[in-house]
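Below you'll find the structure, written out as structure tokens, and then a few comments.
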Amino acid sequence: MSQPRQRHLNFGRKILNKLLVRLYRGTIRIESERFMPVRRMIIDALLGRAHRHLFVFPDVFIEGFEGLEIGDHVSINRSGNLSASGGLKIGDNVAIGHRVSIVTTNHGFRDEKVPIKYQPVESKAVSIGANVWIGANVTILAGISIAPGSVIAAGAVVTKSITEPNLIVGGNPARTIRGRLE
């Protein structure tokens, strides 16, 4: 394929993605169960693959679709905020509770001469393993990895990676409570 044709196709894809993002945002406030398949189809188109059993409930704001990767059998419950521009990978069989925030970017703050608001933004990917349950009101900060089989208790603030599988963690900052299989 010639370079001008490839550039034209890439430009067309960028326009299509922008329209799809706007269409997704137009559906996030709609409560009707009939819009869950619509949201899934939009996400499928944006991510370039068909997801099996992907449920995105109303009021889930997703920013940075280009950095998002979602497995199959995933549910993202109401009022979530997923910042994926720094890279966000969600494994298979993941349940994300109400009002969960996942952050993949962070403001710098080391230069005292520059207001924090104007300091560089760092991107750090978040990775969520398979078979993870993230409870309601959880915050996961940039750069975190969550091992497969983990349970994150409601209200937890995850500031460090969970490297051992099958743990239950909770609190602020999140700490191990016990093994999930005990």
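Side-chain atoms are counted along with the backbone in the values below, which use heavy atoms only and exclude waters and symmetry mates.
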Sorted by chain and number, sequence neighbours left out, ring pair (Phe, Tyr, Trp, His ring centres under 6.0 Å) with Phe55 holds for none

Are Ser123 and Thr105 close enough that a side-chain donor and a side-chain acceptor fall under 3.5 Å?
no

Given Ile102, which of Ile128, Leu141, Ile62, Ile76 fulfils the side-chain contact (heavy atoms from CB on, under 4.5 Å) condition?
Ile128

Under 4.5 Å between any side-chain heavy atoms of Pro58 and Arg39, yes or no?
yes

Let me confirm one number: the CD1-CG distance from Ile43 to Leu20, rounded to the nearest 0.5 Å.
11.0 Å

Hydrophobic clustering (ILVMFWY, side-chain heavy atoms < 4.5 Å, transitive) - are Leu68 and Phe61 grouped together?
yes

Does His51 reach the side chain of Ile70, with side-chain heavy atoms less than 4.5 Å apart?
yes

According to side chain to side chain contact (heavy atoms under 4.5 Å, CB included), who are the partners of Asn77, at least two apart in sequence or on a separate chain?
Phe57, His98

For the OG1 atom of Thr163 and the CD1 atom of Ile146, what is their distance to the nearest 0.5 Å?
11.5 Å

Looking only at atom types and distance, does a side-chain atom of Ser161 sit under 3.5 Å from a main-chain N or O of Ser145, one as donor and one as acceptor?
yes

Check the hydrophobic clustering (I, L, V, M, F, W, Y; side-chain heavy atoms under 4.5 Å; chains of links allowed) and say if Phe35 and Val21 are grouped together.
yes

Side-chain contact, heavy-atom cut-off 4.5 Å: Arg49 with Asp72?
yes

Report, as yes or no, whether the 6.0 Å neighbourhood of atom CD on Glu31 holds more than 12 heavy atoms from other residues, nucleotides or ligands.
yes

Geometric class of the His53/His73 ring pair [parallel <30°, tilted 30-60°, perpendicular >60°]
parallel

Side-chain donor/acceptor of Gln119 to backbone N/O of Phe109, under 3.5 Å:
yes

Quick one: pull up CZ in Arg25 and CD1 in Ile42 and give me the separation to the nearest 0.5 Å.
12.0 Å

Using side-chain contact (heavy atoms from CB on, under 4.5 Å) as the criterion, point out the one residue from Val126, Thr104, Val56, Ile90 that pairs with Leu82.
Ile90

Examine distances only and state if a side-chain atom of Asp59 and a backbone atom of Arg78 form a donor-acceptor pair shorter than 3.5 Å.
no

Is Arg52 paired with Asp92 through a side-chain N to carboxylate O contact shorter than 4.0 Å?
no

